[in-house]
Protein chains: 4
Amino acid sequence: MIRAGIYGVSGYAGFEVFRLLRRHPMVRIVFSASESGAGSSLAQLFPVTEDFRVVGFAEAPLDQVDVVFLALPHGVSASVARQALAMGVRVIDLSADFRLKDPSSYARWYKEEHPAPDLLAEAVYGLTEWNRPAICSARLIANPGCYPTATLLALLPLAQAGAVGPGPIIVDAKSGVSGAGRKPSLNTHFVEVDENLSPYSIGRVHRHLPEIEQMLHAFNGSIGPLVFSPQLLPVARGILATIYVPLAPNWTEGMVRELLVETYRLEPFVKVLPSGTVATLRHSVGTNFCVLAVTGVPEAGMVILTVSIDNLIKGAAGQAVQNMNVMFGIPETAGLM
Amino acid sequence: MIRAGIYGVSGYAGFEVFRLLRRHPMVRIVFSASESGAGSSLAQLFPVTEDFRVVGFAEAPLDQVDVVFLALPHGVSASVARQALAMGVRVIDLSADFRLKDPSSYARWYKEEHPAPDLLAEAVYGLTEWNRPAICSARLIANPGCYPTATLLALLPLAQAGAVGPGPIIVDAKSGVSGAGRKPSLNTHFVEVDENLSPYSIGRVHRHLPEIEQMLHAFNGSIGPLVFSPQLLPVARGILATIYVPLAPNWTEGMVRELLVETYRLEPFVKVLPSGTVATLRHSVGTNFCVLAVTGVPEAGMVILTVSIDNLIKGAAGQAVQNMNVMFGIPETAGLM
Amino acid sequence: MIRAGIYGVSGYAGFEVFRLLRRHPMVRIVFSASESGAGSSLAQLFPVTEDFRVVGFAEAPLDQVDVVFLALPHGVSASVARQALAMGVRVIDLSADFRLKDPSSYARWYKEEHPAPDLLAEAVYGLTEWNRPAICSARLIANPGCYPTATLLALLPLAQAGAVGPGPIIVDAKSGVSGAGRKPSLNTHFVEVDENLSPYSIGRVHRHLPEIEQMLHAFNGSIGPLVFSPQLLPVARGILATIYVPLAPNWTEGMVRELLVETYRLEPFVKVLPSGTVATLRHSVGTNFCVLAVTGVPEAGMVILTVSIDNLIKGAAGQAVQNMNVMFGIPETAGLM
Amino acid sequence: MIRAGIYGVSGYAGFEVFRLLRRHPMVRIVFSASESGAGSSLAQLFPVTEDFRVVGFAEAPLDQVDVVFLALPHGVSASVARQALAMGVRVIDLSADFRLKDPSSYARWYKEEHPAPDLLAEAVYGLTEWNRPAICSARLIANPGCYPTATLLALLPLAQAGAVGPGPIIVDAKSGVSGAGRKPSLNTHFVEVDENLSPYSIGRVHRHLPEIEQMLHAFNGSIGPLVFSPQLLPVARGILATIYVPLAPNWTEGMVRELLVETYRLEPFVKVLPSGTVATLRHSVGTNFCVLAVTGVPEAGMVILTVSIDNLIKGAAGQAVQNMNVMFGIPETAGLM
């Protein structure tokens with residue numbers, strides 16, 4: 001049994017980690033920690049039927065676990081990570097603290113000094129399908145953001161294969177409200193979101209942009225600029241991105257689909273839909289799947305990729321558990337099917 | 001032209017007052033005030049296309065208006081009301097401050113001393129259809145709560161006519177989220193409300209209960225205890241109450257419907273549906289109408305009243321404007337159709 | 001391995017049976033049948049990532065299964081049931097065909113002659129928690145309706161214990177739209193349901209009423225008439241019923257809660273919430289749990305029971321699988337946790 | 001008073017025409033017609049409080065009206081239009097029958113011969129802000145589709161001014177479900193739409209594409225191909241389009257915004273938002289406004305236009321009434337504010 005601890009269980013991502021680990025056949029949850037919820041039980045924090053004690057950070061028995069999941073605000077995460085690593089505990093960090101390799105990039109996008117630049121070198125970007133060997137032996141995983149997970153799983157095969165032509169790549173992405181976290185704000189107030197659709201941070205200003213481009217450029221340095229338009233949907237969960245990709249000469253819709261099918265043929269959690277269909281939010285919500293579809297627009301020299309994930313599962317907690325499975329050498333699908 | 005001022009325009013009810021007065025043919029809005037939004041324009045507070053300056057309370061030119069609408073938290077309202085009355089300005093208060101006639105009842109339900117017990121005597125309960133003569137000449141209107149408006153418009157005719165038999169009356173009421181105000185909280189977070197239905201303060205513990213019973217008992221002192229179950233719906237606006245009323249001997253569904261039809265025959269904003277139909281939320285949302293229907297259950301000696309209002313219009317701002325129309329002797333439907 | 005077949009897999013309940021059996025560790029799905037969807041794959045009927053062939057009824061290899069689940073319209077179900085029973089296959093029928101013991105009651109409520117009155121005697125009402133011994137040895141299970149499941153799990157303990165006083169019991173029930181089935185109609189059109197709440201068939205006219213009363217009266221013949229108000233919520237799944245129960249003399253809220261706790265202490269799928277809390281839709285959706293809470297209203301001599309289930313799981317497919325588990329002597333929670 | 005008749009009042013667009021004309025100070029509705037709803041009253045077709053007789057087409061007194069609004073399926077519309085024109089009645093057609101100038105284009109996109117090619121020459125495309133002179137004197141208005149209205153109001157100023165650079169223009173458009181009409185189908189079933197987002201007919205295959213390009217090319221023949229991705233949102237009303245436009249050399253975000261502001265400075269129903277903001281669905285829903293915003297992406301040589309309309313008002317019935325106002329020489333905002 002893998003002994004696991006969870007920090008930040010009172011948020012949506014942390015609770016989703018709990019939910020997944022709870023039914024994982026090879027994991028025992030040793031503690032669930034939350035500063036704000038310390039001393040309560042899960043049933044007091046969420047409308048659930050199961051009880052589980054929630055402890056403060058100080059009470060969390062770090063010496064009794066093999067791995068911790070950090071579902072904490074950026075900045076806070078790094079200090080808990082350091083403490084855990086010092087005790088020999090492996091860390092899967094769902095915050096943004098270890099995603100950008102360059103601390104100056106972190107400073108620019110997150111408006112504060114990087115809290116642990118010395119740990120950046122060993123942090124492994126946990127996009128499971130594209131980083132397995134490094135994940136296997138990692139002590140510290142930077143679990144990808146939700147938008148980057150969807151975008152990269154769609155684009156990396158094309159970037160790597162040279163299928164992308166010159167010009168901007170447009171990622172028109174729509175997310176459910178749980179992506180904004182559980183802290184109440186006017187932006188997440190029911191009456192403001194209901195029957196609405198709100199673009200925000202569109203263009204090249206959202207914090208997930210450098211994360212996406214860092215990974216894309218690792219595979220293809222000459223790819224055009226990304227235009228990234230996040231939009232808030234009146235749904236609780238899920239991301240659907242509609243991605244407009246200029247094709248390199250001689251590439252066709254059929255070749256792109258074949259490329260995706262080939263790339264992901266053995267992947268348990270990526271599904272490529274057949275010709276003539278598109279991905280919808282519903283395809284993935286409630287699962288750890290990433291669902292992809294390709295629609296050609298030959299008149300414009302483009303393909304449209306539609307890609308769907310559950311932002312809290314494949315986009316956060318599910319991918320974190322998938323990474324844990326890889327790190328501990330157990331079946332990658334354990335607890336996730 | 002009636003010169004009006006609005007306090008609390010950054011909340012849902014205050015903004016709805018603004019929206020209604022803005023298209024009212026006989027009203028000029030002199031100021032819109034908000035402490036939190038002072039110095040901004042409406043278009044910065046709400047996604048609207050119109051601009052209107054929002055001032056702080058201190059800047060509001062109270063001496064230039066004939067009437068003020070107070071969409072403020074209870075406690076705060078009373079002090080603004082006192083100030084306005086002192087300057088000869090008529091007051092329509094949408095808070096709870098002047099609804100309960102007995103200051104000790106206020107203290108029990110709102111957990112603080114009544115902020116202006118000396119003004120209670122002259123406050124008129126603004127349930128328009130049932131209090132017109134007093135509203136006409138009132139200086140201070142206590143605009144009814146949303147649940148009480150729906151409940152009383154349904155029950156008062158029966159209470160007055162002696163149609164209610166012994167035993168509890170059950171008001172199973174469901175409200176949209178705007179009823180909870182615009183201040184963000186976990187209870188109004190989209191992810192908590194979406195795909196959910198949450199009873200709260202059920203039984204005899206909600207603050208609207210004494211308001212309802214005070215008015216019912218004014219018409220019929222022997223009516224049974226009310227059981228009142230508010231429930232939060234995943235919609236932005238609207239209240240639907242399903243009310244279970246034990247009938248007095250010899251009363252039938254048909255007689256109750258006829259009673260409602262007769263009572264409200266000349267009312268512009270109350271509609272009684274025909275036999276075999278029920279009220280739905282959609283019947284009233286976006287309007288100042290109260291929609292009523294009667295369904296008999298002879299095997300149980302009961303009728304079920306279904307009643308629907310828009311909580312922000314008939315349940316707040318619309319009824320406030322209706323009261324203003326009555327107070328100033330202009331057509332009651334002005335600005336409301 | 002239990003070999004199972006599913007009829008009606010293109011509907012919401014049938015598909016939910018599929019989804020549950022698919023992850024059931026002791027079941028192999030031999031066929032999934034649908035007349036309308038014959039020849040397609042599941043991924044053509046639903047936005048899912050898994051493929052499974054859908055066959056017509058004529059192609060379904062009834063001789064190769066141990067049990068069939070019928071998620072079919074009433075009337076159709078009975079004839080498939082007869083055919084299966086004749087081949088020695090056990091039947092779990094999710095339709096209404098075998099729920100009412102009296103064929104004349106069926107004729108009155110379903111407006112047609114009972115299609116198989118000879119099979120009624122051996123049909124066992126599959127309210128698992130209350131009928132385990134009979135379910136164990138049954139060949140034919142009448143799986144309860146969604147509203148009856150919620151209502152009976154809340155009321156049966158009180159009925160049996162004599163806790164119910166004289167007078168009507170009011171069941172104000174709210175259901176998600178999947179309860180209305182997948183066949184398109186104006187009533188299930190998104191634009192009609194969204195931001196709405198619609199009572200329908202309220203009083204004593206809904207088909208689930210005789211089903212509920214038949215079972216209640218089996219435990220307590222003197223219980224008062226039920227008043228049953230179904231209401232359509234703008235959510236996909238879940239039932240929340242708010243039940244108003246007159247108490248017998250000397251019964252209190254605490255005693256009722258204790259009774260429920262005692263009754264269901266060993267039940268894996270019934271959860272009684274602590275004092276001061278209420279059941280919400282979210283408590284049960286996505287699970288096979290029935291969640292119960294008790295709120296006293298001593299001034300009215302009543303308790304309010306709030307009860308929440310997922311209409312497609314505990315109210316249909318989940319309970320069906322639970323019954324299968326009991327019938328085949330395997331752990332009752334298999335495939336359901 | 002303008003005497004008006006409405007065909008197709010049982011659908012969402014037809015009913016919205018009714019709702020708007022009903023409060024229009026210079027219009028009298030002479031008849032409301034519907035084949036399916038003939039003989040009923042509006043209150044039987046919609047949950048409304050007002051009654052109005054619905055007649056069959058044969059009973060509609062065409063000789064007593066000045067103008068008719070046709071909210072009918074394409075193909076059907078043309079024959080009613082012919083009949084009305086023959087009697088000297090002016091026609092505002094909300095169907096697609098007269099939008100495409102070339103009957104062979106109609107045949108290609110609508111899969112049938114054009115029903116009235118002889119009337120095409122005199123039909124005027126009713127994009128009010130861009131066709132006023134022709135609308136003034138028109139007998140037959142082809143009221144624009146909902147997506148084309150939003151897209152063209154955003155793009156035409158740029159196309160006309162030469163602000164668009166080479167390369168595809170991408171229109172990522174999201175619509176509420178009322179855009180799909182009131183006829184029940186699996187695509188509009190609440191359970192299928194709720195908590196979902198579904199792209200459909202993406203690329204260059206949606207019927208609104210030729211309508212958009214026909215108008216764009218009338219102003220600028222060299223503009224790049226349009227890529228048009230409609231997506232179904234879980235909301236009842238509203239369209240939000242996010243449009244990615246490559247800029248011609250030397251054009252900047254500021255210049256584009258200034259161009260839009262200048263173009264629409266005197267327009268009562270087009271609002272351009274200030275720098276740093278985006279259009280949301282909520283900006284326009286419930287109004288006849290088109291709300292526009294511009295966000296620059298200089299790194300990609302682009303601007304992103306966000307544009308929001310209410311699909312049933314500015315995208316259908318509201319624009320139809322606006323056109324009627326222009327045709328009859330009354331204030332353009334009459335009945336629409």
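So you know, we letter chains A, B, ... as the sequences are listed, proteins then strands, and number each from 1.
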Problem - Straight-line distance of H189(A) NE2 to H189(B) NE2, nearest 0.5 Å - result: 11.0 Å
Fill in the blank from the handout: Looking only at S178(A), P47(A), P234(A), the option with the highest number of non-hydrogen pairs under 4.5 Å against chain B is P234(A)
Practice task
Sort out for me which of N196(A), N187(A), V235(A) touches chain B most, counting heavy-atom pairs under 4.5 Å.
Solution key: V235(A)
Problem - R182(B) vs V191(A) side-chain heavy atoms within contact, under 4.5 Å - result: no
Problem - V177(B) versus F190(A), closest heavy-atom pair with distance - result: CG2-CD2, 3.5 Å
Need one label for [X]: side chain, backbone, both or neither, based on atoms under 4.5 Å from any heavy atom in chain B.
X	value
T188(A)	both
R237(A)	neither
E192(A)	both

